[in-house]
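Fair warning: this is a prediction, and the values are worked out from it, not measured in the lab. All values below come from the heavy atoms of this structure, side chains included, with hydrogens, waters and symmetry mates left out. Chain A is the first sequence line, chain B the second, and so forth, proteins listed ahead of strands; every chain is numbered from 1.
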There are 2 protein chains.
Amino acid sequence: MGTVGKAISLLELFTVAEPELGLTDLARRSGFDKATTRRLLVALTGHGFVEQDAGTRHYRLGAGLSRLARIREARFPFLQTAVPLVRDLASATAETVHLSEFGIDRLVTVHVEHPAWANRVNIDIGQLLPLHSTASGIAYLAFARDEIVKACLAGPLEAFTAHTLIEPAAISRSMAEARERGYSISDQGLEEGVISVAAAILSAEGFALGTIAVAAPKARTTTADITQRGLAVMAAAREISMRLNGDNLQTLRRQA
Amino acid sequence: MGTVGKAISLLELFTVAEPELGLTDLARRSGFDKATTRRLLVALTGHGFVEQDAGTRHYRLGAGLSRLARIREARFPFLQTAVPLVRDLASATAETVHLSEFGIDRLVTVHVEHPAWANRVNIDIGQLLPLHSTASGIAYLAFARDEIVKACLAGPLEAFTAHTLIEPAAISRSMAEARERGYSISDQGLEEGVISVAAAILSAEGFALGTIAVAAPKARTTTADITQRGLAVMAAAREISMRLNGDNLQTLRRQA
DNA sequence: GGATGTTGGTTCATTATTTGAACCGTTATT
DNA sequence: AATAACGGTTCAAATAATGAACCAACATCC
């Protein structure tokens with residue numbers, strides 16, 4: 001791995017759950033030498049990608065990241081556009097609604113709304129979702145570029161639960177069903193007891209950019225709930241797609 | 001400069017005005033060789049910090065940045081907290097209101113609300129503001145850690161206009177006035193014809209984290225406007241600080 | 001109170017990565 | 001058909017990254 005990759009891996013050690021880490025800890029987790037880790041952190045700090053707490057000397061993600069993320073958002077207002085609809089969907093369904101964007105080979109959770117229930121599906125911002133074993137992933141694949149689909153089906157497909165589909169044919173079938181139905185369903189594909197529905201948010205060219213999904217404990221979910229949430233999530237995804245593409249969303253490439 | 005620094009400088013070439021750049025262009029602007037530039041871009045793309053347009057082959061900032069920025073936001077909800085108050089202030093003043101966060105040695109614009117006027121002060125998200133020559137900068141310095149103030153006054157102080165204060169003593173005086181008054185005023189310090197007022201947003205320890213500012217064309221600004229905006233910007237900054245610090249903002253360290 | 005372990009941070013000879021001039025292939029422009 | 005501009009690649013030479021061993025400071029534990 002190049003030095004740049006190493007620096008970025010360091011950044012990726014920070015999570016919502018552990019937003020501040022010490023030098024030794026970072027070195028241990030990254031597997032880099034302490035001296036290397038430090039040098040990388042200094043370089044990152046110099047550009048505002050990392051900040052160091054004056055008191056504890058622990059490191060955390062810096063403001064430079066917000067700056068660049070906002071520049072990206074300015075050109076491509078995914079969050080700005082989608083968040084209000086995520087909120088609406090959350091209050092309509094009273095279950096966890098999460099929004100994700102594609103990155104490299106997974107979906108990245110960029111926004112989450114949790115219901116008031118104590119028993120709910122908990123998802124953190126920044127959480128990475130595999131493509132083959134989540135409702136979001138299937139919804140994404142259903143409208144992804146061929147290369148991405150191929151790469152996903154070719155790669156090793158982890159079985160997270162007894163219900164995870166890992167045969168390429170089964171996954172393709174789920175994708176086809178999702179296309180036909182307008183939304184995808186994942187029954188405990190990533191975690192036992194969780195059932196989700198999702199729909200893809202499309203670019204002007206008709207390719208998936210990200211997804212919106214509703215996740216709920218299976219115990220309190222009926223078949224009627226699934227259908228209702230599916231239709232709602234589909235409507236939300238469509239609305240977001242339209243707003244993103246200035247209301248001139250082409251006829252969906254593959255849906256025709 | 002280390003490789004990491006170079007990679008980050010590449011990212012910093014993207015702006016709101018030019019969010020997509022080609023390889024040759026990036027190489028030219030960064031001063032790096034085309035091969036080097038490419039290798040860095042590939043490394044960045046591999047981690048989702050940069051994306052490449054499938055059609056034009058141009059590069060843009062990637063979703064990985066949003067992810068990390070959101071993780072940072074989750075721990076430190078600066079934007080989430082401040083944006084509503086920025087909006088309120090914008091509609092109350094009918095002038096440009098911008099929010100900035102400190103990064104390394106400058107302030108980074110993280111949010112802007114523009115008024116409907118055709119003649120208005122235009123500021124882009126991501127724009128960097130020098131500390132010594134802007135209302136935001138002075139407001140920040142007034143409550144910054146001593147090291148930062150020292151570093152700023154020691155460094156070369158560029159005179160952007162004939163009105164820019166560049167003598168350390170004059171800048172210190174502005175800071176003292178800002179502390180006393182509760183807000184800072186910059187009369188054409190960065191650009192001719194622009195007058196701004198700003199107030200610092202404080203951490204629980206009483207140090208400045210960022211600022212909120214109102215910028216307007218001097219031509220239509222009266223002395224009364226300045227006072228009114230100053231009080232409004234001060235109130236907004238206080239409210240943001242309180243919300244950020246869970247309503248238990250300590251007595252302001254230096255204001256006492 | 002002295003031994004022990006932990007932390008953040010530094011040094012410098014060794015080692016591996018980065019560098020860039022020259023290159024190729026493709027796609028406009030003239 | 002010639003030219004130029006673009007994205008992308010190659011490989012010997014130059015440079016930067018590496019990590020074991022090292023401090024100093026703090027906390028913990030007999």
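- Partners of B:Arg70 according to the side-chain hydrogen bond (donor to acceptor under 3.5 Å, both in side chains) rule, which considers only residues two or more places apart in sequence or in another chain, are A:His111.
- Evaluated for a side-chain contact (heavy atoms from CB on, under 4.5 Å) with B:Val112, the options B:Val86, B:Asp124, B:Leu99, B:Ile125 yield exactly one hit, B:Ile125.
- Within residues 3-11 of chain B, the residues having any heavy atom under 4.0 Å from DNA chain C are, by residue number, B:Thr3, B:Lys6.
- Here the range on DNA chain C touched by chain A, meaning any atom under 4.0 Å from one of its heavy atoms, is C:dT7 to C:dT18.
- With sequence neighbours left out, B:Glu51 forms a side-chain contact (heavy atoms from CB on, under 4.5 Å) with A:Arg72, B:Arg60, B:Ala63.
- Using a 4.5 Å heavy-atom cutoff, the side chains of B:Ile123 and B:Thr96 are in contact.
- Residues from residues 26-42 of chain A lying near DNA chain D, meaning a heavy-atom separation below 4.0 Å, are A:Asp33, A:Ala35, A:Thr36, A:Arg39 in numerical order.
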Derivation of the ring pair (Phe, Tyr, Trp, His ring centres under 6.0 Å) call for B:Tyr140 and B:Phe102:
CA-CA 8 Å; B:Tyr140 182 84; B:Phe102 181 74; 4.6 Å; yes
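- Scored by the side-chain hydrogen bond (donor to acceptor under 3.5 Å, both in side chains) test, A:His114 finds A:Asn122 as partners (sequence neighbours excluded).
- From A:Leu131, atom CG reaches atom CE of A:Met175 across 10.0 Å, with rounding to the nearest 0.5 Å.
- Residues satisfying the ring-ring contact (aromatic ring centres under 6.0 Å, His included) test with A:Tyr59, not counting sequence neighbours, are none.
- With A:Thr36 contributing its side chain and A:Phe32 its backbone, the two residues share no donor-acceptor pair below 3.5 Å.
- Extent of DNA chain D lying under 4.0 Å from chain B heavy atoms, first and last nucleotide in 5' to 3' order, is D:dC6 to D:dA17.
- In terms of heavy atoms, B:Ala178 sits closest to B:Ala142 at CB-CB, 4.3 Å.
- Counting only residues at least two apart or on different chains, the side-chain hydrogen bond (donor to acceptor under 3.5 Å, both in side chains) pairs with a member in residues 127-138 of chain A are A:Ser136-A:Thr211.
- The C1' atoms of five pairs define one axis at each end of the helix from C:dG1-D:dC30 to C:dT30-D:dA1, and these two axes lie 30° apart (to 10°).
- Taking CG of B:Leu65 as the reference point, atom CD1 of A:Ile71 lies at 9.5 Å (rounded to 0.5 Å).
- Applying the side-chain contact (heavy atoms from CB on, under 4.5 Å) test to B:Thr15 and every residue at least two apart in sequence or in another chain returns B:Ala17, B:Glu18.
- Heavy-atom distances to DNA chain C give each of A:Gly22 and A:Gly2 a nearest nucleotide, and the one nearer the 5′ end belongs to A:Gly22.
- Closest approach of A:Thr37 to A:Leu23, counting heavy atoms only: CG2-CD1, 3.9 Å.
- Take A:Asp105 and apply the side-chain hydrogen bond (donor to acceptor under 3.5 Å, both in side chains) test, not counting sequence neighbours, and it matches no residue.
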